[in-house]
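Computed from a prediction, not measured in an experiment: that's the story for all the values here. Basis for what follows: all heavy atoms, side chains included, without hydrogens, waters or symmetry-related copies.
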Amino acid sequence: MKKFWAIALLFCSAHSHAYDGLSSELSHAVGGALLAGAVTKIYSESENRAWIGFAVSTAAVVLEQGYEISRGANRNSQIKDMAWHALGSALGAWATDKYLLVPVVTRTSVGLVIVRTF
């Protein structure tokens with residue numbers, strides 16, 4: 001059933017048109033949050049999983065929007081899309097790291113050892 005809905009959404013996406021309205025920019029933020037959250041979940045064993053999720057998601061949109069700019073798309077519109085996606089990526093990676101995944105236990109210790117013979 002999931003595959004059916006995924007295919008149906010792909011067919012519907014061919015008829016969508018982009019514009020610079022609030023709903024378009026929010027969709028970029030939501031997409032960034034979802035992508036960053038997924039990457040953060042994949043790297044759940046790493047101490048820097050939130051940074052990895054943010055970096056991968058933001059790098060993906062910068063490459064994609066850069067390609068669109070090189071093909072003649074409106075530069076200002078593409079930069080807005082990058083900024084909203086990066087904002088969503090930061091929020092998604094942070095929320096996934098903070099609220100959805102268990103804390104990473106590391107082997108660090110700080111302390112003072114006093115040895116005294118009696």
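Residue M82 is tested with L87, T58, V62 for a side-chain contact (heavy atoms from CB on, under 4.5 Å); the sole match is V62.
Contact detail for G31 and H85: the closest heavy-atom pair is C-CE1, 4.0 Å. The heavy-atom pair separating G32 from S57 by the smallest distance is O-OG, 3.5 Å. Of all the heavy atoms in V39 and G53, the pair that sits closest is CG1-CA, 3.6 Å. Pairing each heavy atom of S27 with each of S24, the nearest pair is OG-O, 2.5 Å. Taking every heavy atom of both residues into account, F54 and A93 meet most closely at N-CB, 3.9 Å.
Side-chain atoms of T40 and T96 include no donor-acceptor pair closer than 3.5 Å.
The backbone N or O of Y43 lies less than 3.5 Å from no partner atom in the side chain of R49, so there is not a single donor-acceptor pair.
Within the model, atoms CD1 of I52 and CD of E47 stand 10.0 Å from one another, a figure rounded to the nearest 0.5 Å. For the atom pair NE2 (H28) and OG (S89), the distance works out to 12.0 Å, reported to the nearest 0.5 Å.
Residue pairs that meet the side chain to side chain donor-acceptor pair (under 3.5 Å) test with at least one member in residues 66-75, sequence neighbours left out, do not exist here.
Partners of D81 according to the salt bridge (charged side-chain N to carboxylate O under 4.0 Å, His left out) rule, which considers only residues two or more places apart in sequence or in another chain, do not exist here.
In the hydrophobic clustering of this structure, L63 does not group with I69; members are Ile, Leu, Val, Met, Phe, Trp, Tyr whose side-chain heavy atoms approach within less than 4.5 Å, directly or through other members. Residues L35 and I42 share a hydrophobic cluster, clusters being chains of Ile/Leu/Val/Met/Phe/Trp/Tyr side chains in contact below 4.5 Å.
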